[in-house]
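In the text below, chain A, chain B and the rest are named by the order of the sequence lines, each starting its count at 1.
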Amino acid sequence: MAVLTVKDLCKTFGAGTARSNRVLDHISFDVRGQTFVSIVGPSGCGKSTLLNIISGVEDHTSGHISVTGDSGSPARLGYVFQDPRLLPWRSVRKNMLYVQDSADEAAGTRVDRYLDMVGLSKHGDFFPGQLSGGMQQRVGIARAFAVEPDLLIMDEPFSHLDAITARGLRAQLQEIWSHSKKTVVFVTHDVVEAVELSDRIIVLQPGGKIFEDIEIDLPRPRRQSDPAVATLQAEVLARLENMKALTPTVASAV
Amino acid sequence: MTQTVTRRRSAEEMAGDAPAWRGRLTSNPAARSTFYVAAFLTWLLLAALFERIPGPASVVDRLIEEFRRGEVFGNFADTFYRFSIGVALSVVAGILIGVLIGLSPMARAFLESPVMVGLSIPAIMWAFLTVMWFGFGHMSPIVTTFLTAVPFVILNVAQGVQGVSRDLRDMSSSYGIPLTRRVRDLVLPAVSGYVLAGVRFAVIMGWNGVLLAEWFGGSGGAGYRARYWYDANQFAGFAAWVVLFVGVIIVLDQLVFEKASRRAFRWRDQTH
């Protein structure tokens, strides 16, 4: 598990130029322990940029961000992207080994275990091109879990999948997460998905400010058909409608 | 106008209708064979029409004569020695410089112009220059081969490196993959097609280079021997060596590069 601390974080693309564009504006929040946090908001509000900054792929302009393991050591990160991002010339198993520490002798066993957990134990020698989109995304999820990350970052991992495949993968994700005790930061534009999965929902508004930080206190495992889940989904959607009214530049909140 | 659509037939049904001989005649091997037969017939026709074009029979006679005299293996050994060193050096240097240009904008700014200059200089110019610089012997054909081939490898590899998927690079960064593993497991496999294309060019251009250098300044070698027959006004002998040059390139391309290409890209053929 990890401790993620974000304080007064700003990100401006093209800072100091005529085309300067601020996408994150003094964001502050903490995430610690086995918590599943979703970040929702309309397109262009800086969700993916925030994840890229957390993962170190992008630099921030100002403010403070730190990700540490429970003991204060640097945190190990796992990242699940919108698309699977697999190396097409490496087999499924070798793709998972690619992100493992090459000196880690237990990596192979771990890779096999997570492949088994996502139901792909027989597909380890397949090339990604031989798998369907849903299966490739399962490899992406297994790859991220197999590095045993302190913090798992997920950027709209089910947005490119059909509804049935996405529902199956969400159930699988809840199952794996409940066993693995990870800290998860999950970006989605789907409020229904966020309520089903999360302990907390951080709502970003256009311009990159936090509009609301909502606790989701419902028992797990959750199903969309549960009345309590459905009620809360409606409530969160109503709050987003409220945001839309308060910030009229939002074309579509979700 | 309206189009009437009846039941569409499947590929299997249509394939079942066609006689087997039609499938064989329209296959890739058939197209390849047709070209060789057409080229041979054209050669026969031209030889019959023009006195200064030797026909296949006289060229084959001369070839047999060259083999019998022991000229072929010795001269080809010389040429291959020079060619192999020149091409090997150009591939190693080309990959290193190409990766550097692909990864570093500063290296690109520094090296782009010299590479373009190298590309624009024909092999014949390098052959003249190296004969002037190094005289007769091995050095001139080796350097000509290298200088002719290396810009093609550099250009192809650099383009390949610049085209490596941004998404895959970001994925590697987010997982903190060390640079050496990133180059080995991401960059090199991603550019392998470009490397193969570059090496293929290098072989063809290098072959031109080595033969030209031997023609103008060689003491032995296939190019030197072709010039011997040219100077002797014996066109059948000259044509016999041209047939050997072409044959070597075809054999190299089909046996080495086709196989290497199929092996390197076997993952592409296995799609869902």
Side-chain angles (χ1 to χ4, degrees), chain A residues 48-49 51-59 67 74-92 94-103 107 123 125-136 139-140 143-149 151-155 185, chain B residues 91 95 98-99 102-106 156-200 257-272:
Chain A
S48 296
T49 304
L51 287 199
N52 284 338
I53 292 171
I54 293 171
S55 69
V57 171
E58 258 177 62
D59 295 326
V67 193
R76 189 192 292 262
L77 302 184
Y79 205 139
V80 183
F81 302 88
Q82 284 180 30
D83 44 1
R85 300 200 185 180
L86 303 173
L87 308 179
W89 47 84
R90 287 173 78 95
S91 68
V92 163
K94 284 185 176 169
N95 260 286
M96 292 180 62
L97 286 169
Y98 173 64
V99 301
Q100 299 284 332
D101 184 348
S102 51
H123 296 80
D125 293 328
F126 282 47
F127 288 110
Q130 294 174 283
L131 306 179
S132 68
M135 290 162 96
Q136 289 187 30
V139 177
R143 175 178 64 187
F145 273 101
V147 297
E148 304 262 270
L151 176 66
L152 181 60
I153 299 167
M154 306 181 86
D155 186 5
V185 177
Chain B
V91 168
I95 289 175
V99 168
L103 292 177
S104 157
M106 195 171 75
N156 273 281
V157 173
Q159 279 184 339
V161 173
Q162 284 163 22
V164 174
S165 155
R166 173 78 195 262
D167 283 350
L168 292 178
R169 280 188 281 144
D170 282 353
M171 181 273 290
S172 302
S173 296
S174 69
Y175 278 101
I177 310 291
L179 181 66
T180 47
R181 270 172 72 199
R182 237 183 271 188
V183 170
R184 189 191 66 198
D185 295 334
L186 170 62
V187 176
L188 288 180
V191 304
S192 58
Y194 289 88
V195 172
L196 258 179
V199 174
R200 221 165 176 166
F257 289 109
E258 277 295 322
K259 280 188 178 171
S261 178
R262 271 202 295 274
R263 185 171 164 71
F265 298 117
R266 67 191 194 283
W267 55 271
R268 278 190 192 165
D269 301 329
Q270 304 187 25
T271 50
H272 179 70

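- B:Tyr175 places a side-chain N or O within donor-acceptor distance of the main-chain N or O of A:Tyr79, the cut-off being under 3.5 Å.
- Heavy atoms closer than 4.5 Å to chain B are found in the backbone of A:Gln100, but not in its side chain.
- For chain B, no part of A:Ile153 is nearby; none of its heavy atoms comes within less than 4.5 Å.
- Taking chain B as the reference chain and counting heavy-atom pairs below 4.5 Å, the highest number among A:Pro149, A:Gly56, A:Ser102 is found for A:Ser102.
- Side chains of B:Asp167 and A:Phe81 form no contact here, defined as non-hydrogen atoms less than 4.5 Å apart.
- Residue A:Arg76 does not touch chain B at all, counting heavy-atom pairs closer than 4.5 Å.
- Residue A:Ser91: no heavy atom, backbone or side chain, is found under 4.5 Å from chain B.
- Both the backbone and the side chain of A:Val99 come within less than 4.5 Å of a heavy atom in chain B.
- Judged by distance alone, with hydrogens and angles left aside, the side-chain atoms of A:Trp89 form no donor-acceptor pair with the main-chain N or O of B:Leu186 at under 3.5 Å.
- Annotation: side chain of B:Met171 is in contact with side chain of A:Leu87 (closest heavy-atom distance under 4.5 Å).
- Interface residue A:Leu97: only backbone heavy atoms are found under 4.5 Å from chain B.
- To the nearest 0.5 angstrom, A:Asn52 atom CG is 10.0 Å from B:Ser173 atom OG.
- Heavy atoms only, all atoms of each residue included: B:Ser174 and A:Leu77 are closest at O-CB, 4.4 Å.
- Annotation: the span from B:Arg169 atom CZ to A:Arg85 atom CZ amounts to 11.5 Å, rounded to 0.5 Å.
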